[in-house]
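Notes for the one structure printed next.
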Protein chains: 2
Amino acid sequence: MADYQAPLREMRFVLNEVFDAPALWASLPKVAENVDPDTADAILEEAGKITSAVLAPLNREGDEQGCKWTAAGVTSPEGFKEAYQTIVDGGWNGLGGNPEQGGMGMPKTLVSQFEEMLQGANMAFGLAPMLTAGACLALDAHGSDELKETYLPKLYSGVWSGAMDLTEPHAGTDLGIIRTKAEPNDDGSFAVTGTKIFITWGEHDMAENIVHLVLAKLPGAPKGPKGISMFLVPKFLVKDDGSLGDRNPVTCGSIEKKMGIKGSATCVMNYDAARGWLVGEENKGLNAMFTMMNYERLGVGVQGLGAAEASLQSAREYAKDRIQSRAPTGAQQPEKAADPILVHPDVRRMLLTMKGYVEGGRAFSTYVAQWLDIAKYADDSEQERRIHAEGMVSLLTPVAKAFLTDRGLDVCIIGQQVLGGHGFIREWGQEQLVRDCRITQIYEGTNGIQALDLMGRKVVGSQGKLYELFAQDVATFIEENSDEQSLRPYLKLLAAALERLSDVTEHVINQALETPDAVGAASVDYLDLFGLTALAYMWARIVKAAAVKAEGDTSGFYTGKLKTARFYYDRLLPKTVSLAEGIRSGSESMMALTAEEF
Amino acid sequence: MADYQAPLREMRFVLNEVFDAPALWASLPKVAENVDPDTADAILEEAGKITSAVLAPLNREGDEQGCKWTAAGVTSPEGFKEAYQTIVDGGWNGLGGNPEQGGMGMPKTLVSQFEEMLQGANMAFGLAPMLTAGACLALDAHGSDELKETYLPKLYSGVWSGAMDLTEPHAGTDLGIIRTKAEPNDDGSFAVTGTKIFITWGEHDMAENIVHLVLAKLPGAPKGPKGISMFLVPKFLVKDDGSLGDRNPVTCGSIEKKMGIKGSATCVMNYDAARGWLVGEENKGLNAMFTMMNYERLGVGVQGLGAAEASLQSAREYAKDRIQSRAPTGAQQPEKAADPILVHPDVRRMLLTMKGYVEGGRAFSTYVAQWLDIAKYADDSEQERRIHAEGMVSLLTPVAKAFLTDRGLDVCIIGQQVLGGHGFIREWGQEQLVRDCRITQIYEGTNGIQALDLMGRKVVGSQGKLYELFAQDVATFIEENSDEQSLRPYLKLLAAALERLSDVTEHVINQALETPDAVGAASVDYLDLFGLTALAYMWARIVKAAAVKAEGDTSGFYTGKLKTARFYYDRLLPKTVSLAEGIRSGSESMMALTAEEF
């Protein structure tokens, strides 16, 4: 199969030409002090090398070997430990981290490109740095100075890794009913006791220590989500001099057999009065966890994107190589026994669908990352800019997580289909991408939960105000570019799609006044409708950036973008019409059935 | 997890109440002599027992163990051999077979219910009887009397199994370029030499002999598809007295590692001057193979349906059991820590989508089976009836194969999503259903090829005449039931959907006059549009059958059907609007790109 190659050309196009990220970075002093275009470009280049040359080659073996559990711990697949060391040596764990504690302070717009490469090259492996980065975010935002100084530098370097321990056997989506408890010790620490499941890289042999952020309940805590606190529980206790001390009784009871990401360990973690320290305030653990959620959720969306890019690369190469049958319009390579399957309209439809979602999706994830950067780094003097960006982040993050992973799976399935029978067997790698990508729709809040977050908390919850931020951004683009020749075929369609989305938004806000079921009945289809419309906006921005370079483009890069945009508008955007119609039917047909009638 | 239970109640409803299969059987003397309603019911009952109690329990272990290859042969997973013997003892291999050679002569309308159970319970295992039945069909239709008498009784009994050897490493969809050759021996047999890949159950230890139907080229045969012949090549040569003789040099070189159906062996078969016998005429092997294609293709569609039903059963049970969060309208089970997730509109949306496709799909597969029965069994005196049915079969088979497997995978993915993280791990079985079901979109002609067959060969090829048979059937139903109270909410929508499909059909027929690419550009979306419309028709027929029993129905069975129909029309049928819009955009946006521009 084609080995994964980091799509640097595509990433540079999005960063520099579609969004002008260098200008964004220059506008944010806290970012500008850490990055300039040359640094960013060098980082991309190096990230491309490491992910393509070190991580991608381990992907299949990692899947075949899986992790091995014994009572003594978990052994990662061959080569993972060395690869992890390469990541540590390069400082990649701290790429987006707080410079005060040893992080590199790079903006999310750049970091998310690295994340895409990491996840596209080897998702099972990539989960380790991803979870460490997530734990760092929560710790940096909520930990005491002492905790931060003790743990962050080691986590940013990657010498220690991080894990997030939320789920319990009976409590997944509904964290309010967790049972893990934390009882105060005399020295200010807590004794944490309970069982957590589905803990990614909760135990392994790649790092010297593992730092768990654990949700648990204090004695007498209120019932439900407002009675949950967050604790830091290290695998090895840390001595005052920073060296490792006793083994803490937090142990891995078993690892799951699962559909994909088999190279990673998904652990049952048992806490037996393990020593832990409170992170943030008592009973505000869920809030603290949600701090990092927007970053993590975008990161999971980018996992879907990374898998989809890997699938596209392999399907494209196969379609150009594999000869089978003749073009409908007559033989294209009469000297050969058959034509490459790329001549067939339906194979082109498949590849263009993949490109439409992957390239549009990359623009969208970068667009969301841009708002994350502004929300995090805007100066205090720019409060309005920051609040606006926070609103955008809040609205768009669930879309990025769910839409990019839903389309990520679709793309991987299509990529597999391009290869026919060869897509179903191991050898070509496509089937692994499907199995790996599937988890991204489930964890970090299922996509159904993302849709409820978008439709309920964000759209209906703000009575449409958050939605208006996005709608205004699109409307402004349409208005400002009404004279743009290259955009002429698209702006009217984009405006119609926006109007459709706005109408449906208003409709559901009104329906929700009548029945609380309206939100859940609309949510998943609404998120899809939103994502498709957002990608239409992205494709318009891509067209604008590509059109100026298309004339005389002999590489096909820019003209290919223009033609893929046309396909997106012709074939993918129309799905919004049906989604809108379905949503308007309301909740009645779902709620009418008794349990027996299912 | 919930163990698979054959959905006998659903099958009886479709057979007896929606379609009145007993009346159909009575109208076909060749069927009526073999089956009456009581016999059929007893067969369903017994099939339900065997598939639920014998095959389903082996499904997960089969997946985990897989088949084992050595140079001596292939060992099937533990328990498969014994289960196969149970199938042999019950005579299930010959259920639909020719009674003159020991088959039971049961109609497809009944056999396809058995096939659904078989595949829903254990798809990897189910492939063995399925391929045997396929080989029997081809042999029965094209083999010489001698071949038939020698092989058919043993295949119908299942003492020997069948395999179909078509694909080669460089030739999948495009069989015209195969290289396997067959050279005449002096005794009228042929020496077959070449390599075949992806041969399902091409080698195993469950049957005493394996009968391969192999496509190969005779010396001097014309190039392309018109130079292919079909040969019967047994693993063990058969002596004149019917006992087994020498081992024929047809050997399994290796088996594939693959995404799913791991309990089955997918073999590379090496032919080294293996002795074979011509089946049918020289150079007409593809024709002979296509004889059974309509049966096999419906059978693969039914595999998708079977997996989907299994997924629905498990998701439904989980949704009723799993408690998590509260209903949007307030606690439903305040005495418990949370409500069953079935209270949530989005979980209901998922289950109803599954039901809409599974129950509608079962009606559709039975509808197609009905035409297969008429086409095969109508008396010579009823030529018109037979020709009409042949047209229907020809039109509808690719839809059944592709639509039922595409929706089959969708349903399995949704079922997995209902279980959240528990759907991703092995334990609950949902992830295996996704992996197993995935192959059904690929083999027996990829779904892209099915769509080309429908749009190109059938619809455009007949200038719409075959399409009109279906359209007329729907239109007649609408007309005949215009006074039916229960159908009032649906007939107008069904008529609109039919009109949409008819308009698009005409549009593509016209486009195809301008460019041959029009067919491939429309095909996959057209098949989807066709399938969605056909299922709307099925749901209308289900409503008609259920409405008469719904009053006073305390089981929820009939009222559940009425409410699911409403959901189908509200939420699933609207997809046709977008599909039609996409198709109308034509082939230009696909064909515009050069190879580099991808």
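As the structure is a prediction and not an experimental result, all values here were calculated from the model. Labels below follow one simple rule: chain letters A, B, ... track the order of the sequence lines, proteins then strands, and each chain is numbered from 1.
Taking chain A as the reference chain and counting heavy-atom pairs below 4.5 Å, the highest number among Gly556(B), Ala319(B), Ser325(B) is found for Ser325(B). Note on Gly420(A), Gly423(A), Gly520(A), Gly176(A): by heavy-atom pairs under 4.5 Å with chain B, the leading option is Gly520(A). Ranking Ala171(A), Ser523(A), Gly448(A) against chain B, the residue ahead of the rest is Ala171(A), based on heavy-atom pairs under 4.5 Å. Of the listed residues (Ile323(A), Ile583(A), Thr167(A), Leu579(A)), the greatest number of heavy-atom pairs within a distance under 4.5 Å of chain B belongs to Ile583(A). The candidate from Glu588(A), Met354(A), His344(A) with the greatest count of non-hydrogen atom pairs under 4.5 Å with chain B is Glu588(A). Among the candidates Met591(B), Glu64(B), Met350(B), Glu256(B), the residue making the largest number of heavy-atom pairs closer than 4.5 Å to chain A is Met591(B). Contact count versus chain B (heavy atoms, under 4.5 Å) is highest, among Lys258(A), His170(A), Arg571(A), Gln432(A), for Arg571(A). Ranked by heavy-atom pairs under 4.5 Å with chain B, the list Gly586(A), Ser578(A), Ala522(A) is led by Ser578(A). Of the listed residues (Glu581(B), Arg584(B), Met590(B)), the greatest number of heavy-atom pairs within a distance under 4.5 Å of chain A belongs to Met590(B).
Side chain of Arg348(B) to backbone of Ser587(A): no donor-acceptor contact under 3.5 angstrom is found. Looking only at distances, no side-chain donor or acceptor of Asp174(A) sits under 3.5 Å from a matching main-chain atom of Gln324(B). Formation of a donor-acceptor pair under 3.5 Å by the Glu431(A) side chain with backbone atoms of Gly260(B) is not found in this model. Side-chain N or O atoms of Arg316(B) include one that pairs as donor or acceptor with a backbone N or O of Phe598(A) at under 3.5 Å. Remark: side-chain polar atoms of Lys563(A) are paired, donor with acceptor, to backbone N or O of Ala592(B) under 3.5 angstrom.
For Val343(A), the part sitting under 4.5 Å from any heavy atom of chain B is the backbone (N, CA, C, O) and nothing else. For chain A, the nearby part of Ile177(B) is the side chain; its heavy atoms alone come within less than 4.5 Å. For chain B, the nearby part of Arg322(A) is the side chain; its heavy atoms alone come within less than 4.5 Å. Both the backbone and the side chain of Phe424(A) come within contact range of chain B, with heavy atoms under 4.5 Å apart. Within the 4.5 angstrom heavy-atom criterion, only side-chain atoms of Lys320(A), from C-beta onward, approach chain B. With a 4.5 Å cut-off on non-hydrogen atoms, Asp553(A) does not touch chain B at all. For Pro169(A), the part lying near chain B is the backbone, with the side chain staying farther off; criterion is any non-hydrogen pair under 4.5 Å. In this structure, chain A has a heavy atom under 4.5 Å from the side chain of Lys355(B), while its backbone stays farther away. Of the two parts of Ser555(A), only the backbone, made up of N, CA, C and O, holds a non-hydrogen atom closer than 4.5 Å to a non-hydrogen atom of chain B.
Considering every non-hydrogen atom in both Pro345(B) and Ala521(A), the closest pair reads CB-N, 3.5 Å. Closest heavy-atom contact between Ile442(B) and Gly421(A): CG2-N, 3.4 Å.
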Item to check | Trace of the side chain to side chain contact (heavy atoms under 4.5 Å, CB included) decision for Phe198(A) with His422(B) | outcome: CA-CA 9 Å; Phe198(A) 299 163; His422(B) 297 278; 3.8 Å; yes

Checklist entry - side chain to side chain contact (heavy atoms under 4.5 Å, CB included) between Gln417(A) and Arg438(B): does it pass, once the steps are laid out? => result CA-CA 10 Å; Gln417(A) 194 74 17; Arg438(B) 183 67 183 90; 2.9 Å; yes

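A 4.5 Å side-chain heavy-atom check between Leu409(A) and Ile413(B) finds at least one atom pair inside the cut-off. By the 4.5 Å heavy-atom criterion applied to side chains, Leu593(A) and Leu351(B) are not counted as neighbours.
Separating the CE atom in Met259(B) from the CE atom in Met259(A) is a distance of 5.0 Å, to the nearest 0.5 Å. The CG atom of Leu419(A) lies 12.0 Å from the OG1 atom of Thr446(B); values are rounded to the nearest 0.5 Å. The distance from atom CD1 of Ile439(B) to atom CD1 of Ile425(A), rounded to the nearest 0.5 Å, is 9.5 Å.
Scored by the side-chain contact (heavy atoms from CB on, under 4.5 Å) test, Asp570(B) finds Ser585(A), Ser589(A), Arg566(B) as partners (sequence neighbours excluded).
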